[in-house]
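The structure appears right after this line, and notes come after that.
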Protein chains: 2
Amino acid sequence: MLSKKTKYGLKALTYIAKNEGDNPVQISEISKNENIPQKFLESIMLTLRKSGFLGSKKGKHGGYYLIKEPANIKMADVMRVLEGPIAMVPCVSLNFYEKCDDCPDEHDCSVHKLMIQVRDNTLKVLRNNTLEDLSGS
Amino acid sequence: MLSKKTKYGLKALTYIAKNEGDNPVQISEISKNENIPQKFLESIMLTLRKSGFLGSKKGKHGGYYLIKEPANIKMADVMRVLEGPIAMVPCVSLNFYEKCDDCPDEHDCSVHKLMIQVRDNTLKVLRNNTLEDLSGS
DNA sequence: GTAATTCCTATTAAATCGATAGGATTAATG
DNA sequence: CATTAATCCTATCGATTTAATAGGAATTAC
């Protein structure tokens, strides 16, 4: 299940991509228009800034802006930062690999084989889609 | 993230498919060979029986056996029983649909569009794979 | 009738999630 | 320079979910 954190984060990025002008976009504006609790959104924006997707300007007339072109922001990368691993089990994760406690040999594990296929297909979608695709009409 | 419940359930089904003979397969045997806590597995087997994947025999020399051919047990169906919705958000779920609180119109939601693609690709994999595929060499 | 097994319900401990609290810091503006 | 408006940061809280355990009832083979 997708966490609210990720969902809100994706919506916020989309909102900024659509509404970015000369001034940065403020949390309060996104919060109102997308029905996201403001304080919760605050922490999400912080994460997105610290991970290099957003820049920010403090103080009056401050807010957030995109650092990269929407076409260069892959959903796979955003998801990894907000949601964590894309794979459904750590033992098939490319970026967050971990051995399973219960498997003596993962190459002999039926779940492993299945989850690699799921991961590959999910990755294909998340790599093909950029913020431009999400924010485009 | 795949729950242990689902992971253990899939492993147990695979184990039964591989090792089924004249006698039903016992929880204790699966538990030992697959490193699954026995009492936890017990409740999972119960779920799988109640949802029509397994039959059981009580008492001495009792155990569990498959009700359908492995080739006719789709991973999508098992996953829905053990893990719940396959979709990452309820608003794109085929079997567990729910409207989002925060979306006035889901056809206008960027996350919705993306998650439909993820769902479709995941479903493709989970419908193509049967228990026979998992338990085959 | 005894041992071995599934069946069933309840409970618990830990982790995660969604959200909130409260102020510190920074910048624009008159 | 004071005020206002925004981000920044850390901590915390309550609810839910997850993984696992407990304890016994019911059933069957022998």
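Chain letters run A, B, ... following the sequence lines, proteins first and then strands; every chain starts at 1. Computed from a prediction, not measured in an experiment: that's the story for all the values here.
Distances shorter than 4.0 Å separate some side-chain N or O of A/Arg49 from OP1 or OP2 on D/dC8. One finds no side-chain N or O of A/His61 lying less than 4.0 angstrom from the OP1 or OP2 phosphate oxygen of C/dA27. Contact annotation: B/Tyr64 side-chain N/O to C/dT5 OP1/OP2 distance is not under 4.0 Å. Taking side-chain N and O atoms only, B/Lys58 has no distance below 4.0 Å to OP1 or OP2 of D/dA25.
We find that CD of B/Gln38 is positioned 13 Å from C1' of D/dA22, with the value rounded to whole Å. The CG atom of B/Asn23 sits 13 Å away from the C1' atom of D/dT28 (whole-angstrom rounding). If you measure from atom CE of B/Met45 to atom P of C/dT5, you get 14 Å, rounded to the nearest angstrom. For the pair B/Ile30 CD1 and C/dT6 P, the interatomic distance rounds to 8 Å; values are reported in whole Å. Note: CZ (A/Phe40) to P (D/dT12) measures 19 Å, nearest angstrom. Spacing between atom NZ of A/Lys4 and atom C1' of D/dT17 amounts to 15 Å, rounded to whole angstrom units. Atom OH of A/Tyr65 is separated from atom P of D/dT7 by 12 Å (rounded to the nearest Å). For B/Ile44 and D/dA19, the CD1 to C1' distance is 9 Å, given to the nearest whole Å.
With D/dT27, C/dT29, D/dA20 as the choices, the nucleotide that has an atom nearest any side-chain atom of A/Lys60 turns out to be C/dT29. Of the candidates C/dC8, C/dT20, D/dA20, the closest approach to any side-chain atom of B/Leu46 belongs to C/dC8. Distance from the side chain of B/Ser3 is smallest to D/dA19 among D/dA19, D/dA29, C/dC8.
Cluster membership check: A/Phe40 shares its hydrophobic cluster with A/Leu46, using side-chain heavy-atom separations under 4.5 Å among Ile, Leu, Val, Met, Phe, Trp and Tyr.
Residue-level contact check: A/Lys39 touches the bases, meaning some heavy atom is under 4.0 Å from a base atom. In this structure, B/Gln26 reaches the sugar-phosphate backbone alone: every heavy-atom distance under 4.0 Å involves primed, P, OP1 or OP2 atoms, never a base.
Across the interface with DNA chain C, nearest-nucleotide mapping of A/Gly59 and A/Leu41 shows A/Leu41 to be the residue nearer the 5′ end. Of the two residues contacting DNA chain D, namely B/Glu83 and B/Ser43, the nearest-nucleotide position lying further toward the 5' end is that of B/Glu83.
Around the CG atom of B/Asp105, the shell of radius 6.0 Å holds more than 12 heavy atoms that belong to other residues, nucleotides or ligands. Within a 6.0 Å radius of NZ in B/Lys32, other residues, nucleotides and ligands contribute 12 heavy atoms or fewer.
Annotation: side chain of A/Lys57 is not in contact with side chain of A/Tyr64 (no heavy-atom distance under 4.5 Å). Considering only heavy atoms from C-beta on, A/Pro37 comes within 4.5 Å of A/Tyr8 through its side chain.
Put simply, the side chain of A/Lys7 and the base of C/dG18 share no donor and acceptor less than 3.5 Å apart.
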